[in-house]
Each structure stands twice: as C-alpha cells, then as structure tokens.
Amino acid sequence: MAEPLVEFRNVTLDYGGKIIVQHMNLKVFPGETKVILGPSGVGKSTILKAILGLLRPQSGKIYLHGKEISRLPERKLSLVRRRMAMVFQHGALFDSMTVAENVGFRLRELALADASAIAKRVREVLRFVGLENAASLRPAELSGGMRKRVAIARALAPDPEIFLFDEPTVGLDPVNFYNIEQLILKLKHQQRATMVIVTHDVGSACRTADSIAMLYEGRFIFEGPGQDLKREKDKRVRAFLDPSQAGLLVH
Ligand SMILES: Nc1ncnc2c1ncn2[C@@H]1O[C@H](COP(=O)(O)OP(=O)(O)OP(=O)(O)O)[C@@H](O)[C@H]1O
Ligand SMILES: [Mg+2]
C-alpha cells in the first residue's frame, strides 16, 4: 500500500494541559477523502490545526510523506504548510480585494509565477468552481455559497498536496450545500485531490468520504467507509446517527 500523505502516530493534543485528543492514530493516503465526523466541540478543528502545524502535539508524532513534521522549527514548518490548503469555515476572504485578487493572493504572496501566469491560473480555478463571471466582484457582493466557492478556488490555486476543509457545508441553504458537496466530489474525481474534511453532517460525510473517522471524547470510536458507519452497533455512534436514540448514551 502507498505511504500515507499524512500520518498521526500516538498523538495527544492539548490546550494548556487540557487534553482534547488522546493517543490518536490517523492515516490519510494520497487521493483519499478522509472525513472526520463528530459533535460540536469534540476537537475536529483542533486536528486540522495539528496537521497544519499550528498546534504542536503534547506527545506523539505527525508525519508528512513519512517525514516527521511535528518537531520542525517554525521556519521549516511554514514551508511545509505551503503544501497544504485550508478552507476555513467562514471562507476568510479579504473584503477589500476582488474575487480574482483573493484567489491569486497566495500565488502573489509566494511569488509562485509571473503576473500573466497568475491571471491564467486564477481564471482556470474560477472556471473550475463555476465563478468565471465573478472575478471582479468583491466578497460583500457574493452569497454565502459563492464565498465558499471562492475560498475553494483560492485553496486550489497553488495546487496543494492536501486540502483541509473545516465544516465546508455548515450554514448553507440546501442548494448551496449541494453545490459545495458537488465541488468536493469534483475535486475528488477530477483532481484526485487528497482531502481531510471535518463535519458533523452524517449524510455529507457518507456521500463524500472514502473513509470516515468519528471522534468522540478525544478518540476515534469508529473508522471505516460510510456503509459500515450506518451498520455500526456502538451506542455512541448510533446516538449520533439517530438523535432520537440519544437516551442510549450511557452518560
Ligand atoms: N485556542 C484554544 N484554547 C483553549 N481551548 C480551545 C482552543 N481552541 C479550542 N479549544 C477547546 O478545545 C475543544 C475542541 O475544540 P475544536 O474547535 O477543535 O472543536 P470542534 O470539534 O471543531 O467543534 P465545532 O464543531 O464547534 O467547530 C473545545 O472544548 C474548545 O473549547
Ligand atoms: Mg470546529
């Protein structure tokens, strides 16, 4: 089997001693869509922060292509971070810039190409997300779903090795929810993108994931494909899938 693109070995994550994730093992293979599922506040975003190297493990190791990144000095870590793209929950666009400027931002910042090559790449990724006609608009003129698509185009522009999505569909109306999910599936099937998607939406997790890991009290209590999740007997998983069963929870 291929080497994992990202791997956690026995990773414990904390904030000032408060343990969030304990002795976690995680493997994300090239081209895989891994969904981390779990209720609010359980530590899903914290795992993405650790992948990005914004939070260092209290113990354990994190690897990228088999090389440990969790103990790298900040200067080297920032180079590693450039190979990843994070799509934040709220898009995090620059209000004063146009859509095209937002999408080209990292390419300009990292001086990855000259101006005409950047403009070409920006057009290409805007077409990919279906926003080729919105290049000169500003974020305030866009709907929530369009902003999210711009954020995805911006993430895609530097051709990252891995996409990290934090709650990509949360707060969207059904049409935009569907559109963003389709875009994720397009990244998966057309770009063979490697993705880690954090969500608490079970349906979306099952439709997009190759593999789902469900986080509960600092540990993964389920790992496997969506069809296995639906058959899982663990009471905590059942209660999450069907809240009417929440009485089954032991505490
Ligand atoms: N910078 C921080 N300092 C201290 N505690 C934090 C910090 N960030 C998050 N936490 C705490 O860590 C826990 C996990 O937070 P995290 O944001 O990873 O959860 P989440 O699963 O992403 O939740 P949500 O679904 O609400 O986004 C929460 O109890 C949160 O209050
Ligand atoms: Mg979160």
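When a ligand or atom number is given, it counts from 1 through the structure's own listing order. These numbers were taken from a predicted model, which means no experiment stands behind them. Heavy-atom basis, side chains included; hydrogens, waters and symmetry copies ignored.
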Rounding to 0.5 Å, atoms CD (Gln190) and CG (Leu183) come to a distance of 9.5 Å
From Met195 atom CE to Leu5 atom CG, the distance as rounded to the nearest 0.5 Å: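 These two atoms lie 12.5 Å from each other.
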pair [X]-[Y]: side-chain heavy atoms closer than 4.5 Å:
| X | Y | result |
| --- | --- | --- |
| Tyr15 | Leu55 | yes |
| Arg82 | Arg106 | yes |
| Leu107 | Arg121 | yes |
| Glu7 | Ile62 | no |

Distance-only, no hydrogens or angles: does the [X] side chain make a donor-acceptor pair with backbone N or O of [Y] under 3.5 Å?
| X | Y | value |
| --- | --- | --- |
| Arg81 | Leu52 | yes |
| Arg149 | Val129 | yes |
| Arg236 | Ile221 | no |

Heavy-atom distances under 4.0 Å decide this one: backbone, side chain, both or neither, for Thr46 against ligand 1?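 Within the 4.0 Å criterion, Thr46 contacts ligand 1 through backbone and side-chain atoms alike.
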Determine whether any heavy atom of Gly38 lies closer than 4.0 Å to an atom of ligand 1. no
Identity and separation of the nearest protein heavy atom to [atom]:
| atom | answer |
| --- | --- |
| atom 19 (O) of ligand 1 | Gly43 N, 3.2 Å |
| atom 25 (O) of ligand 1 | Lys44 NZ, 2.8 Å |
| atom 31 (O) of ligand 1 | Lys18 NZ, 4.1 Å |
| atom 10 (N) of ligand 1 | Tyr15 CE1, 3.4 Å |
| atom 26 (O) of ligand 1 | Ser40 OG, 2.7 Å |

With respect to His200, determine whether any N or O atom, backbone or side chain, lies less than 3.5 Å from an N or O atom of ligand 1.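 No: no nitrogen or oxygen of His200 is under 3.5 Å from one in ligand 1.
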Using a plain distance cutoff, I'd like to know if Ile20 has any nitrogen or oxygen under 3.5 Å from a nitrogen or oxygen of ligand 1.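 No: no nitrogen or oxygen of Ile20 is under 3.5 Å from one in ligand 1.
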Would you say Ser45 reaches the Mg ion (ligand 2) with an N/O/S atom under 2.8 Å? yes
For ligand 1, which atoms, with element, lie under 4.0 Å from some heavy atom of [X]?
| X | value |
| --- | --- |
| Lys49 | 8 (N) |
| Val42 | 19 (O), 20 (P), 21 (O) |
| Glu167 | 25 (O) |

Out of Gly41, Ser45, Ala50, whose heavy atom sits nearest atom 13 (C) of ligand 1?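 Among Gly41, Ser45, Ala50, the closest heavy atom to atom 13 (C) of ligand 1 comes from Gly41.
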